[in-house]
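Structure record follows, encoded as structure tokens.
Please read these numbers as outputs of a predicted model, since none were measured by experiment. The residues of the chain are indexed from 1 along the displayed sequence. For ligands, and for the atoms within them, numbers begin at 1 and follow the listed sequence.
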Amino acid sequence: MASDSKTTARYGILSDDMKEDREQLLELLTRAYWMEIETVMSYIANSINPDGVRAQEIIESLEEDITEELGHARQFGARIKELYGVVPGSLDFSAEQSYLQPPEEQTDIVHVIKGVIQAESGAIEHYNRIIEFTEGKDPVTQDMVIGILRDEEGHRRLFEGFLREYKVEGLA
Ligand SMILES: [Fe+2]
Ligand SMILES: [Fe+2]
């Protein structure tokens with residue numbers, strides 16, 4: 001933002017003349033909120049369904065992630081409110097994670113691992129978009145999303161490691 005623009009630097013993203021940016025950002029944050037909520041649903045199911053000795057590590061990881069993803073949803077919700085938005089009700093929800101539906105066989109751990117990697121990749125992509133959008137506009141949202149992005153990068157890396165093990169053994 002150049003200093004000769006109409007922006008009231010004093011109030012940043014909360015300025016009246018940043019209303020349009022704020023509304024675009026609210027859309028991005030609402031999408032992020034729903035992504036986190038759907039991930040919570042998918043990770044709950046996938047932390048309960050899997051069978052077999054090898055499923056235990058995945059189950060425990062997902063159980064930890066559920067808490068983190070729920071925390072992310074709450075952070076996105078709180079930021080929506082701070083930006084004068086309203087956290088949507090459940091009727092606005094529409095599911096997208098076709099790749100994280102229960103597999104045919106509950107011993108199909110590779111399906112779960114790949115689904116998690118896809119979900120985390122989607123989050124990483126969307127959060128990078130928010131970080132780019134907020135550059136020079138809203139350092140508070142940007143800072144929050146950078147922290148969340150790091151969590152998602154960690155989640156993806158962990159599951160990439162799980163997948164590697166299956167690949168080495170010729171199972172994926
Ligand atoms: Fe998350
Ligand atoms: Fe995650």
Side-chain angles (χ1 to χ4, degrees), residues 13 22-50 54-83 85-103 106 108-135 137-167 172:
I13 191 69
R22 207 161 55 235
E23 271 161 14
Q24 276 188 59
L25 181 54
L26 282 169
E27 273 176 38
L28 292 167
L29 291 174
T30 301
R31 175 160 169 71
Y33 172 79
W34 284 131
M35 287 168 86
E36 295 289 352
I37 297 282
E38 186 172 15
T39 299
V40 168
M41 284 194 271
S42 294
Y43 287 7
I44 288 176
N46 285 291
S47 71
I48 295 172
N49 287 332
R54 310 190 69 162
Q56 289 316 303
E57 195 70 38
I58 305 299
I59 286 174
E60 278 166 34
S61 280
L62 287 177
E63 280 171 349
E64 275 176 35
D65 287 355
I66 291 163
T67 314
E68 283 197 32
E69 311 297 10
L70 185 59
H72 296 161
R74 297 174 85 153
Q75 286 187 72
F76 281 118
R79 192 60 187 153
I80 287 168
K81 178 169 177 158
E82 285 161 3
L83 296 175
V86 175
V87 182
S90 56
L91 289 180
D92 284 352
F93 177 71
S94 68
E96 291 178 358
Q97 293 179 351
S98 52
Y99 47 86
L100 264 175
Q101 304 308 299
Q106 301 316 312
D108 187 357
I109 307 305
V110 171
H111 168 89
V112 176
I113 295 171
K114 285 183 174 169
V116 170
I117 291 171
Q118 194 167 338
E120 299 295 344
S121 299
I124 287 167
E125 206 185 329
H126 187 58
Y127 301 167
N128 271 301
R129 198 175 307 140
I130 298 178
I131 289 164
E132 259 179 48
F133 182 84
T134 49
E135 176 65 32
K137 290 182 182 140
D138 180 359
V140 175
T141 298
Q142 191 179 53
D143 186 58
M144 181 189 91
V145 178
I146 288 170
I148 295 173
L149 176 62
R150 187 182 186 179
D151 290 343
E152 314 301 14
E153 288 177 347
H155 295 160
R156 185 170 76 171
R157 179 63 186 88
L158 183 66
F159 278 77
E160 281 174 349
F162 291 147
L163 189 62
R164 191 162 300 163
E165 191 179 303
Y166 281 83
K167 276 186 176 156

Do [X] and [Y] have side chains that approach each other closer than 4.5 Å (heavy atoms only, starting at C-beta)?
X: Glu96; Y: Trp34; result: no
X: Gln106; Y: His111; result: no
X: Arg54; Y: Glu165; result: yes

If you measure from CZ on Phe133 to CG on Asp138, what distance do you get to the nearest 0.5 Å?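 Reported to 0.5 Å precision, the distance equals 9.0 Å.
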Distance (rounded to the nearest 0.5 Å) between Thr30 OG1 and Ile80 CD1: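 Result: 4.0 Å between the selected atoms.
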If you look at His72, which of its N/O/S atoms is nearest to the Fe ion (ligand 1)?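 Minimum-distance N/O/S atom of His72 relative to the Fe ion (ligand 1) is ND1.
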Identity of the N, O or S atom of Glu152 lying closest to the Fe ion (ligand 1):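 Among the N, O or S atoms of Glu152, the one closest to the Fe ion (ligand 1) is OE2.
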Taking the Fe ion (ligand 1) as the vertex, what is the angle from OE1 of Glu69 to OE1 of Glu36, given to 10 degrees?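 Output for this angle: 90°, rounded to tens.
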Strictly under 2.8 Å, is any N, O or S atom of His155 next to the Fe ion (ligand 2)?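 Under 2.8 Å: His155 contacts the Fe ion (ligand 2) through an N, O or S atom.
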For a distance under 2.8 Å, tell me if Asp151 has an N/O/S atom near the Fe ion (ligand 2).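 Checking the Fe ion (ligand 2) against Asp151, no N, O or S atom falls under 2.8 Å.
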